[in-house]
Chemist: 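One structure follows; several queries about it will come next.
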Amino acid sequence: MERSAQRLGRALVVVVDDRVAQGEQEDNIGPLVTELLEEAGFIVDGTVAVAGEAVDIRNALNTAVIGGVDVVITVGGTGVSPRDVTPDATAGVLDRPIPGIAEALRASGLAAGAVEAGVSRGLVGVSGSTLVVNLAGSRASVRDGMATLTPLVTHVIEQLSGLETA
């Protein structure tokens, strides 16, 4: 049985931004990721904003995994500043990293001129049966990243759900 092209699975978006999490700034990235996921055929359970603290990020990821979403996309906190701890928090949640997808996101981002994507330390991997993806926080990085990610995510989710045939 194959999944319908209109219902690839459930997704959750985690925005890592101190100001958004504290209500000081409006979230302008979460809605973009949600829109792109819905266009790809995912049902988005929601967007969660967390501060750039490893424990907050890890808690959001663990909640998504326990909640059974097929994919969780984090946005932000992937750079090289001291507050960019998303990859560090994500590493502790992943059961199996998928470095090829993370490298593809960096390479396509650089090729498209999204510098933030090129210097991203973002990780991609599997936790339980959930695909976890870290994207850089710029709109250009998100747009390019989602274009690169969509066909790959579909393949991984099919493998994780046992729908892919050998």
Chemist: Val16, Val85: one ILVMFWY side-chain cluster at the under-4.5 Å cut-off?
Modeler: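 Yes; tracing contacts between hydrophobic side chains, which count when under 4.5 Å, links both residues.
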Chemist: In this structure, would Leu12 and Val15 fall into the same cluster of hydrophobic residues linked by side-chain contacts under 4.5 Å?
Modeler: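 Different clusters.
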Chemist: Without swapping roles, check the side chain of Thr130 against the backbone of Val69 for a donor-acceptor pair under 3.5 Å.
Modeler: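 Flag set: sc Thr130 to bb Val69 pair under 3.5 Å.
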Chemist: So which heavy atom on Val133 is nearest to which on Val71, and how close?
Modeler: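 That would be CG2-CG2, 4.5 Å.
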Chemist: Please, which pairs that meet side chain to side chain donor-acceptor pair (under 3.5 Å) have at least one residue in residues 89-99, sequence neighbours excluded?
Modeler: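 Side chain to side chain donor-acceptor pair (under 3.5 Å) check on residues 89-99 returns Thr90-Asn134.
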Chemist: Holding to side-chain hydrogen bond (donor to acceptor under 3.5 Å, both in side chains), I want the full list of residues that pass it with Asp88, two or more places apart in sequence or in another chain.
Modeler: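 With neighbours one apart ignored, the set is Arg121.
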Chemist: Is there a side-chain contact (heavy atoms from CB on, under 4.5 Å) between Val132 and Leu123? Walk through the geometry before answering.
Modeler: CA-CA 8 Å; Val132 179; Leu123 301 178; over 6 Å; no
Chemist: What do you reckon, is CZ of Arg83 surrounded by more than 12 foreign heavy atoms closer than 6.0 Å?
Modeler: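 Buried by this count: over 12 neighbours within 6.0 Å.
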Chemist: Look only at the side chain of Thr150 and the backbone of Met146, and say whether a donor-acceptor pair between them is shorter than 3.5 Å.
Modeler: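 Checking the backbone N and O of Met146 against the side chain of Thr150, a donor-acceptor pair under 3.5 Å is found.
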Chemist: Spell out, as yes or no, whether a donor-acceptor pair under 3.5 Å connects the side chain of Arg106 to the backbone of Ser120.
Modeler: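 Yes.
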Chemist: Would a distance-only check, ignoring hydrogens and angles, find a side-chain to backbone donor-acceptor pair under 3.5 Å from Thr86 to Gly76?
Modeler: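 Confirmed, Thr86 side chain pairs with Gly76 backbone.
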Chemist: Would the number of heavy atoms belonging to other residues, nucleotides or ligands and lying under 6.0 Å from CD of Glu24 be above 12?
Modeler: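 Yes.
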Chemist: Is it the case that one hydrophobic cluster holds both Leu8 and Leu36, taking links as side-chain heavy atoms less than 4.5 Å apart, direct or via other members?
Modeler: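 In one cluster: yes.
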Chemist: Group every Ile, Leu, Val, Met, Phe, Trp and Tyr by side-chain heavy-atom contacts under 4.5 Å, then state whether Leu152 and Ile157 land in the same group.
Modeler: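 Linked within one cluster.
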Chemist: Membership question, hydrophobic clusters at under 4.5 Å side-chain separation (ILVMFWY): are Val126 and Val124 in the same one?
Modeler: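 Yes, because Val124 and Val126 connect within a single hydrophobic cluster, where side-chain heavy atoms sit under 4.5 Å apart.
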Chemist: For the CD1 atom of Ile98 and the CD atom of Glu103, what is their distance to the nearest 0.5 Å?
Modeler: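 Between atom CD1 of Ile98 and atom CD of Glu103 there are 13.0 Å.
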Chemist: Do the side chains of Val75 and Leu32 get nearer than 4.5 Å, heavy atoms only?
Modeler: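 Contact flag for Leu32/Val75 side chains = no.
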Chemist: Can you name the closest pair of heavy atoms from Gly122 and Ala102 and give their distance?
Modeler: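 Reported closest heavy-atom pair: O-CB, 3.6 Å.
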Chemist: Applying the side-chain contact (heavy atoms from CB on, under 4.5 Å) criterion to Val14, which one of Ile73, Thr74, Ile57 satisfies it?
Modeler: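 By the side-chain contact (heavy atoms from CB on, under 4.5 Å) criterion, Val14 pairs with just one of Ile73, Thr74, Ile57: Thr74.
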Chemist: If I take atom CD from residue Glu116 and atom CZ from residue Arg139, how far apart are they, to the nearest 0.5 angstrom?
Modeler: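 Taking CD in Glu116 and CZ in Arg139, the distance rounds to 12.5 Å.
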Chemist: I need the minimum non-hydrogen distance between Gly9 and Asp70, along with the two atoms involved.
Modeler: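 Nearest heavy atoms, Gly9 then Asp70: CA-OD2, 3.1 Å.
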Chemist: Determine yes or no for a side-chain-to-main-chain donor-acceptor pair under 3.5 angstrom, with Asn62 supplying the side chain and Arg58 the backbone.
Modeler: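 Yes, Asn62 side chain to Arg58 backbone: donor-acceptor pair under 3.5 Å.
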Chemist: Taking atom CG of Leu131 and atom CD of Gln159, what is their separation to the nearest 0.5 Å?
Modeler: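 Rounded to the nearest 0.5 Å, the CG-CD separation comes out at 11.0 Å.
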Chemist: Measure the CG-CG distance between Leu110 and Leu105 for me, rounded to the nearest 0.5 Å.
Modeler: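 One finds 11.5 Å between CG of Leu110 and CG of Leu105.
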